[in-house]
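Right, one structure below, let's go through it.
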Amino acid sequence: MSQDNKKTHLTLKIFIGMIAGIVIGAFLQMSFDDSGDRVFNIFGMAFSTYGFFVDGIFTIGGTIFINSLKMLVVPLVFVSLVCGVSSLSDPSKLGRLGGKSVGLYVMTTCIAVTFALIMALLIKPGEGFIIETTAEFSANQAPSLAQVIIDMFPSNPINAMAEGNMLQIIVFAVLFGIAMAKCGEVGLKVQKAFEMVNDVIMKIVLIIMELAPYGVFFLMAKLAATTDLAAFGSILSYFLLVFFLLIAHALIVYPTLLVVLARLNPLRLLVKMKDTAIFAFSSSSSSATLPITLSTAQRKLGVDRSVASFTIPLGATINMDGTAIMQGVATVFIAQVYGVDLSTTDLLMVVLTATLASIGTAGVPGVGLIMLAMVLQQVNLPVEGIALIIGIDRLLDMTRTVVNVTGDCTVATIVAKSEGVLDIDTYNADPFSDEMKAASAFDDPTAKSDSSA
Ligand code: ASP
């Protein structure tokens with residue numbers, strides 16, 4: 001079998017793993033009896049379906065897979081950002097890069113939450129809703145803005161890495177890369193070593209990707225076996241509105257920005273995001289998807305490493321447009337359910353706090369909902385309202401994570417184009433060509449020379 005065929009097969013296998021997981025998980029869910037479980041006998045031993053499959057095999061397999069991806073995030077971001085920064089011809093470019101990236105991230109988030117508010121006010125998903133939930137939710141205190149800024153600077157970089165604090169790691173890596181570039185001969189040697197370590201880490205990504213079809217299977221099977229479809233009934237209009245807005249943001253807002261700001265064919269980006277989207281969807285975590293997002297940006301979209309290694313990890317940390325959409329709709333929904341009228345000042349406050357909340361949302365499952373408490377508190381809405389939507393949040397979380405990572409790649413592409421470091425041929429290459437299949441996220445990174453090296 002040729003190398004290209006092997007790559008294609010892996011993508012196909014991951015897709016099959018996802019569908020098989022949904023089918024088997026849904027089948028198990030249907031086979032549960034009234035107690036939510038079913039006992040079966042194998043060779044005289046009694047097994048609980050729930051315990052054996054859902055809490056057992058699916059949880060173990062899925063968690064190990066996600067942990068294996070997360071394991072790579074800190075070393076990959078640190079090493080590739082050091083390499084990226086040191087390969088910049090002019091370190092002062094970094095300020096401009098940072099400014100453009102943060103500016104675009106904040107702008108797309110503001111657009112997202114504004115549309116979400118307008119649509120939710122027009123469609124009124126919370127009208128006529130009768131509160132009958134017994135679930136409870138209590139809020140954590142949100143950190144102050146001053147604390148958020150102070151927390152970006154590490155007092156101990158090893159601690160930052162141990163905790164996976166992405167902004168602190170970025171700050172340290174940028175400083176390290178700049179210093180390395182200023183060290184002349186010695187710096188060049190260290191840079192070479194970092195390049196080699198980077199290749200080794202990307203090789204680990206490749207090894208783990210081989211296991212992706214099984215990992216995705218376990219994650220989806222657990223999800224399908226545990227999703228409570230009955231919970232959708234009363235809040236279907238909320239669910240559908242958020243879902244529709246997420247899709248619209250990915251298919252209308254990002255493509256428009258790509259055309260207007262970078263004069264690029266947006267279809268290329270959307271099609272090339274498919275592997276990354278499957279991972280974001282099944283993991284619900286921009287952070288765990290980061291190795292794949294980074295690889296897609298560089299190898300499929302042609303974003304030079306000097307931009308990708310900075311903009312993508314930054315985006316996985318602060319850019320959560322999908323999360324902001326959910327927070328905008330959820331705020332209006334909860335206000336309508338509790339019969340509270342939001343004034344124009346309240347709505348502006350929601351735009352501001354939802355943007356800040358999504359910046360402060362870590363790229364891990366479900367955090368967007370926790371940060372929603374901060375938005376609700378700002379406009380004096382009852383935080384317990386979150387309990388109304390918690391039951392169906394996982395599916396929306398999966399979808400908004402796809403939007404979040406698509407936003408990261410869109411902004412990285414626009415910034416790279418504006419800096420003149422987007423490889424247009426790679427970006428425009430037919431996503432179904434043999435060349436692109438070979439540049440799949442699952443390709444061997446050490447087999448192809450890096451354009452930015
Ligand atoms: N799961 C989302 C992400 O990782 C964050 C959230 O909205 O909860 O991007």
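Both ligands and their constituent atoms are indexed starting at 1 by order of listing.
- In terms of polar-atom proximity, defined here as any N/O pair under 3.5 Å, M320 makes no such contact with ligand 1.
- Atoms of ligand 1 found under 4.0 Å from any heavy atom of V367 (numbered from 1 in listed order, with element): 8 (O).
- Taking the side chain as every heavy atom from C-beta outward, T226 and F58 never approach each other to under 4.5 Å.
- Protein heavy atom nearest atom 5 (C) of ligand 1, with residue, atom name and distance: V364 O, 3.7 Å.
- Not a single N or O atom of S287, backbone or side chain, sits closer than 3.5 Å to an N or O atom of ligand 1.
- Backbone and side-chain nitrogen or oxygen atoms of G368 are examined, and one is located within less than 3.5 angstrom of a nitrogen or oxygen of ligand 1.
- Near S285, meaning under 4.0 Å from one of its heavy atoms, ligand 1 places the atoms 4 (O).
- Atoms of ligand 1 found under 4.0 Å from any heavy atom of G366, numbered from 1 in the order shown, are 8 (O).
- Atom 9 (O) of ligand 1 has its closest protein heavy atom at S286 OG, 2.3 Å.
- Between F333 and Y238, the angle of the ring planes lies from 30° to 60°, which puts this pair in the tilted group.
- In the model, S101 has a side-chain atom that pairs as donor or acceptor with a side-chain atom of T311 under 3.5 Å.
- Every side-chain contact (heavy atoms from CB on, under 4.5 Å) that V253 has, sequence neighbours left out, goes to I111, H249, L257.
- If you run side-chain contact (heavy atoms from CB on, under 4.5 Å) between L167 and each of I149, T317, D151, only T317 comes through.
- Residue D397 holds the heavy atom nearest to atom 1 (N) of ligand 1 of all those in D321, T399, D397.
- T401 and N404 form no side-chain donor-acceptor contact under 3.5 Å, judged by distance and modelled atom types alone.
- Residue T323 approaches ligand 1 through these ligand atoms, each under 4.0 Å from one of its heavy atoms: 5 (C), 6 (C), 7 (O).
- Counted within 6.0 Å of CZ on F65, heavy atoms from surrounding residues, nucleotides or ligands total more than 12; the atom is thus considered enclosed.
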